[in-house]
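Below: the structure, in structure tokens.
Below, chains carry the letters A, B, ... as their sequence lines are ordered, and counting in each starts from 1. Keep in mind that the numbers below use all heavy atoms, side chains included, and drop hydrogens, waters and symmetry copies.
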2 protein chains.
Amino acid sequence: MSRPMNDRRIVRLASKDREPRDASDSAPVSYGVLPQLLGFHLRRSQTAVFSHFMEFVSPEESITPGLFGMLEVIAANEGLAQSELAKAMGVDRSTIVKAIDQLEARRLIARRPSSDDKRRHRLCLTPAGKAARARIRELILNHEALLVRSRLSTEEVQTLIGLLERLCQGAQPASFP
Amino acid sequence: MSRPMNDRRIVRLASKDREPRDASDSAPVSYGVLPQLLGFHLRRSQTAVFSHFMEFVSPEESITPGLFGMLEVIAANEGLAQSELAKAMGVDRSTIVKAIDQLEARRLIARRPSSDDKRRHRLCLTPAGKAARARIRELILNHEALLVRSRLSTEEVQTLIGLLERLCQGAQPASFP
DNA sequence: TATTGTTATACTCTATAACTATA
DNA sequence: TATAGTTATAGAGTATAACAATA
């Protein structure tokens with residue numbers, strides 16, 4: 001296929017030798033070469049999912065995708081150090097401090113002293129944090145189901161995730177989403 | 001399939017009733033439920049492509065994905081107004097001002113007066129802008145080829161883009177990538 | 001010397017609100 | 001009144017550099 005199916009030039013060229021647009025020109029804009037680029041679609045998709053999260057999940061639980069990601073990683077690795085969390089989230093260790101401050105201020109996690117290395121803080125979920133994590137998890141699964149499952153089949157979602165995983169093989173980790 | 005192939009719990013459970021991690025624990029962290037979420041993979045992928053762009057394209061042409069996106073949209077819609085560009089990029093019209101200032105300072109685009117509506121600026125590429133656009137376009141196609149084509153076949157990329165387009169149907173536009 | 005957590009600082013990207021000049 | 005561009009401002013999110021405590 002020499003012309004990908006997402007090439008907007010088709011639409012563009014169909015609109016008969018148009019003049020440069022003016023104030024009264026309400027035709028949809030052309031995105032040029034962008035629709036041929038995977039990066040463009042990844043950006044749009046990520047933005048769409050993020051926005052839906054902020055609409056559907058955040059008002060319920062006052063949580064951002066990034067903070068939930070941290071909660072989840074802490075829960076799945078009880079006692080990990082802040083530096084380890086930062087590495088897992090793909091950010092500098094200085095960046096993680098304020099985020100952890102927030103989760104701690106809300107009593108969702110605790111910084112516990114490490115017995116064998118006094119420099120380290122062992123991050124753990126509080127009971128309230130565990131309860132919140134369970135609630136948010138359900139909410140997020142619903143959010144994804146609502147947004148994604150209405151447009152793609154279960155098989156297609158698995159195909160999509162599989163392709164994205166292969167694209168990211170060897171890449172550094174990243175915060176969520 | 002009740003357990004998706006990307007479920008990291010498999011790895012987790014295989015590591016025999018582990019103690020909470022301590023300083024000497026160098027096992028890879030678990031991401032909990034995140035690998036089941038499309039948003040997680042979209043975020044990772046978008047970050048990976050963005051990083052590669054910044055490594056491969058930016059040093060050559062001092063351009064960001066966002067600025068190239070604007071250049072491309074202006075080129076494909078000569079004479080569009082700043083508000084129209086902002087809408088196409090999915091940002092507020094106040095956000096676009098400084099970005100356009102940059103492109104104009106580099107003599108890649110020009111704000112031309114509109115004859116019929118003196119409030120409007122018609123955005124156009126300069127000859128230097130057209131040349132830069134052509135060069136950057138080639139560079140970006142190479143960057144995508146290098147990053148994506150080494151991991152996915154042409155068919156797989158088309159499948160991926162097709163699925164992402166369906167995911168975004170009805171969503172607002174977005175800057176690139 | 002090296003590492004962990006922290007702080008100060010700066011930079012980018014973003015939106016909101018208010019302004020001006022036009023319509 | 002409403003719209004196009006602009007400015008001031010504020011809030012996220014990020015990194016770098018330097019610091020104290022500890023290894």
**Message:** For the OG atom of S45(B) and the CD1 atom of I161(A), what is their distance to the nearest 0.5 Å?
**Reply:** 10.0 Å

**Message:** Walk along nucleotides 5-10 of chain D from 5' to 3' and tag each nucleotide B, S or - by protein heavy-atom contact under 4.0 Å, base first, then sugar-phosphate.
**Reply:** BBB---

**Request:** Report the distance from atom CD1 of I109(B) to atom CZ of R133(B), rounding to the nearest 0.5 Å.
**Result:** 13.5 Å

**Prompt:** Does T95(B) put a side-chain nitrogen or oxygen below 4.0 Å from OP1 or OP2 of dA15(C)?
**Reply:** yes

**Prompt:** CG of L85(B) versus P of dA4(D): gap in Å, rounded?
**Reply:** 13 Å

**Item:** Neighbour count >12 (heavy atoms, 6.0 Å) for atom CD, Q169(A)
**Value:** yes

**Request:** Using the closest heavy atom to pick a nucleotide of DNA chain D for each, name whichever of K118(A) or M70(A) lands nearer the 5' end.
**Result:** M70(A)

**Message:** Between R111(B) and Q82(B), do the side chains contain a donor N or O and an acceptor N or O under 3.5 Å apart?
**Reply:** yes

**Message:** Which residues pass the side chain to side chain contact (heavy atoms under 4.5 Å, CB included) test with R107(A), not counting sequence neighbours?
**Reply:** none

**Length of the line joining I96(A):CD1 and dT16(D):C1', which is rounded to integer Å** = 16 Å

**Prompt:** Could you state the CG-P distance from D116(B) to dA23(C), rounded to the nearest angstrom?
**Reply:** 9 Å

**Prompt:** Does NZ or CZ of R44(B) fall inside the cone over Y31(B)'s six-membered ring, less than 6.0 Å from its centre and within 45° of the axis?
**Reply:** yes

**Prompt:** Atom CE of M54(A) and atom C1' of dG13(D): how far apart are they, to the nearest Å?
**Reply:** 12 Å

**Message:** Nearest whole Å is fine: how far is dT14(C) P from K87(B) NZ?
**Reply:** 18 Å

